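Report on the structure given below.
Quick caveat: nothing in here was measured; it's all calculated off a predicted structure. Convention: sequence-line order gives letters A, B, ...; per-chain numbering from 1.
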2 protein chains.
Amino acid sequence: MPDTTSSEARERVLAIAEKLFAERGYAAVTLRDIAEALNIRQASLYYHVPGGKEALFVEVVERGMARHRHGLETAIAAVGDDLAAALNAAADWLLSQPPMDFGRMQQSDMPAISPAAAHRLESVVYDSLLLPVQQLFERLSAAGHIRPVRAGVMAGAFLAMINAIHSIPDRYGAPPKREMTRELIEVLCLGLLPR
Amino acid sequence: MPDTTSSEARERVLAIAEKLFAERGYAAVTLRDIAEALNIRQASLYYHVPGGKEALFVEVVERGMARHRHGLETAIAAVGDDLAAALNAAADWLLSQPPMDFGRMQQSDMPAISPAAAHRLESVVYDSLLLPVQQLFERLSAAGHIRPVRAGVMAGAFLAMINAIHSIPDRYGAPPKREMTRELIEVLCLGLLPR
DNA sequence: GTCTATACACTGATAGAC
DNA sequence: GTCTATCAGTGTATAGAC
């Protein structure tokens with residue numbers, strides 16, 4: 001089998017790398033961190049990912065974004081023209097995945113990788129995360145179900161809010177994150193009612 | 001004068017360091033980056049900041065947070081019990097400052113510094129950024145001007161939204177950020193009206 | 001597939017000249 | 001106040017044994 005074959009061990013590498021990169025960002029995660037989490041040596045990573053750290057980062061972000069795009073689109077499409085239901089479905093999907101902080105990615109991670117890779121990832125992130133939510137707002141706005149608003153701004157704000165909640169460290173006694181998102185989405189939907 | 005005297009040159013160091021740390025985060029900024037922006041050599045930084053990189057980071061975050069606390073509290077106190085006015089004043093203040101991404105700080109920067117420093121900064125960030133906004137929601141909620149909501153959640157969501165807008169790269173033709181915040185705040189306030 | 005060993009660049013930090 | 005010089009530690013990456 002060629003290098004890029006998806007073996008069992010390779011999947012573990014990608015999964016751990018995605019988790020660590022998502023949590024701490026590109027610069028703050030070293031290949032030794034990833035290897036340590038896998039209980040192997042740093043050099044061994046190059047068997048699975050010959051391209052090195054940057055290629056690994058690009059691959060896991062692209063994988064994660066493809067997953068998010070599919071997850072968000074199906075979650076939103078599963079419900080009808082009900083904004084609250086769609087946003088809650090989207091939030092539930094996002095909470096089920098490793099937190100992808102696209103704000104930090106644009107501010108911190110992209111400048112740390114090669115411009116070519118950054119440019120590719122930027123559009124992938126936009127298409128996968130922002131677009132599905134933005135199109136939801138556009139659709140409901142055009143149908144008159146919500147007031148006319150800048151759909152891109154609303155989508156970005158929604159994703160930032162959900163990500164903020166997702167990033168809260170789980171503390172004993174803290175309210176469940178799904179309850180927090182429900183409450184926020186309720187406020188948003190009431191604020192977007194026509195008239 | 002002792003080492004900690006605030007000389008002219010020292011202020012420049014702190015200002016540049018705050019800007020770079022705020023933009024890219026602790027791990028992604030090197031002392032050589034800061035020195036280069038000041039047109040001096042990396043070793044020269046140690047004259048102004050004998051404590052090194054971590055001490056520099058702690059100091060600029062504490063300075064920035066003290067500024068934010070004062071700025072947010074006065075901005076909010078300047079207007080009365082009008083939620084929209086208070087949030088717009090808070091947003092205008094935040095937009096006038098270098099973006100302080102407290103989500104990234106907690107996720108990425110804090111794990112990269114010593115636990116002792118991280119612990120100190122955590123409470124400073126909470127007291128300076130979240131608390132002033134949270135207390136605004138609590139006050140208006142208790143007065144019956146808005147529906148009862150989790151004030152901490154609303155405050156975190158508000159700050160995350162504003163930060164997301166603040167972090168958008170300035171592109172030609174893009175709508176002004178203040179207009180975006182106005183629109184978002186309007187949605188929030190309508191969604192929080194009693195009944 | 002994973003290891004050891006190692007090359008090489010970068011980073012934070014110190015010492016001392018000017 | 002800033003410089004040069006230098007060091008130890010760390011990070012990515014490669015070569016080759018097993």
Hey, which of B:Q42, B:R41, B:E36 is the one that makes side-chain contact (heavy atoms from CB on, under 4.5 Å) with B:L31?
-> B:Q42
Would a distance-only check, ignoring hydrogens and angles, find a side-chain to backbone donor-acceptor pair under 3.5 Å from B:D127 to B:V124?
-> no
Backbone N/O of B:V125 and side chain of B:S128: donor-acceptor pair under 3.5 Å | no
In whole angstrom, what separates B:L45's CG from C:dT11's P?
-> 13 Å
Calculate the interatomic distance between A:R10 atom CZ and C:dG1 atom C1'; express it in whole Å.
-> 14 Å
What is the distance from CG of A:L38 to P of C:dT2, rounded to the nearest Å?
-> 9 Å
Among D:dC3, C:dA13, C:dG1, the nucleotide that comes nearest once only the side chain of A:Y47 is considered = C:dG1
Distance in angstrom units between A:N39 CG and C:dC3 P, rounded = 9 Å
Do the numbers put A:K53 on top of the ring of A:Y26, so that NZ or CZ is under 6.0 Å from the six-membered ring centre and no more than 45° off the axis?
-> yes
Judged by nearest nucleotide, the residue sitting upstream toward the 5' end of DNA chain D, B:R12 or A:Q42, is B:R12
Which one, D:dT12, C:dA13, D:dT2, comes nearest to the side chain of A:Y46?
-> D:dT12
Just how far, in rounded Å, is C1' of D:dA13 from CZ of A:R41?
-> 17 Å
Consider the side chain of B:K53, meaning its heavy atoms from C-beta on, and name the nucleotide among C:dA13, C:dT14, D:dT12 that approaches it most closely.
-> C:dA13
Using a heavy-atom cut-off of under 4.0 Å over every strand shown, decide if A:T30 touches base, sugar-phosphate, or nothing.
-> sugar-phosphate
Counting side-chain heavy atoms from CB outward, which of C:dT2, D:dA13, D:dT2 is closest to B:A9?
-> D:dT2
Return the value, rounded to whole Å, for the distance between atom CD1 of B:I34 and atom P of C:dA13.
-> 11 Å
Taking for A:R32 and for A:I40 the nucleotide of DNA chain C with the nearest heavy atom, the one nearer the 5' end belongs to A:I40
Using whole Å, report how far CD of B:E36 lies from P of C:dT11.
-> 10 Å
Using a distance-only test with no angle check, is there a side-chain donor-acceptor pair under 3.5 angstrom linking A:E54 and A:S114?
-> yes
Taking only the side-chain nitrogens and oxygens of A:S44, find out if one of them lies under 4.0 Å from OP1 or OP2 of C:dG1.
-> no
Considering only C:dG12, D:dG1, D:dG11, which nucleotide approaches the side chain of B:L31 most closely?
-> C:dG12
Where the side chain of A:A43 is concerned, which of C:dG1, D:dA13, C:dT4 is the nearest nucleotide?
-> C:dT4
